[in-house]
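Everything below concerns the one structure shown next.
Atom set for the values below is all heavy atoms of this structure, side chains included, hydrogens, waters and symmetry mates excluded.
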Amino acid sequence: MPSDGVEPGEGLLDALGREVAEETGLTVTEVGTYLGHFDYRSGSGRRTRQYNFTTSVIGQTVTLSEHDAHMWADYGQQAQVSGAVQAVLGIWRQTCPRQVRSQSTQRNA
């Protein structure tokens, strides 16, 4: 879940696209469902609010620029993420069509 700040004069959805591109090398082509937000402390200790959306992207290979690792949190791996992220994934399972979830899991497995 790429995250960082919104730049001055930048909209939230523009920031989402920029952050995904910067942190993963993927290009957001469509922003879908809002999945909620959660608050946490960043690595520097700053209070942060993360907004979460479904997206469609171009690209198959994740190229990390700010993180050491990533994973596609399929059902077997979801226990490895924080409780806040698990809650977002729960909303995703409830709100997104099963066909879309299936294609996403297959593509990213």
Completion exercise
In this structure, CD1 of Ile91 is separated from OG1 of Thr54 (nearest 0.5 Å) by 12.0 Å
Practice task
Check whether any side-chain heavy atom of Arg41 lies under 4.5 Å from a side-chain heavy atom of Arg47, and answer yes or no.
Solution key: yes
Problem - All side chain to side chain donor-acceptor pair (under 3.5 Å) counterparts of Thr33, not counting sequence neighbours - result: none
Exercise for the section: Apply side chain to side chain donor-acceptor pair (under 3.5 Å) to Arg49 and list each qualifying residue two or more places apart in sequence or on a separate chain. Expected result: Asp39
Problem - Reported CD-to-OG1 distance for the pair Glu19 and Thr24, which is rounded to 0.5 angstrom - result: 10.0 Å
Fill in the blank from the handout: Sequence neighbours excluded, the answer for side-chain contact (heavy atoms from CB on, under 4.5 Å) partners of Val6 is Glu10, Leu12, Ala15
Problem - Heavy-atom check, side chain of Val20 versus side chain of Thr55, under 4.5 Å - result: no
Exercise for the section: Would you list the pairs meeting ring pair (Phe, Tyr, Trp, His ring centres under 6.0 Å) in which at least one residue belongs to residues 7-37, sequence neighbours left out? Expected result: Tyr34-Phe53, His37-Tyr51
Problem - Partners passing side chain to side chain donor-acceptor pair (under 3.5 Å) against Ser44 (at least two apart in sequence or in another chain) - result: Ser42
Exercise for the section: Drop me the distance from Leu26's CG to Ile58's CD1, to the nearest 0.5 angstrom. Expected result: 10.0 Å
Exercise for the section: Under the side-chain contact (heavy atoms from CB on, under 4.5 Å) rule, collect the residues that match up with Ala84, sequence neighbours excluded. Expected result: Phe38, Ser82
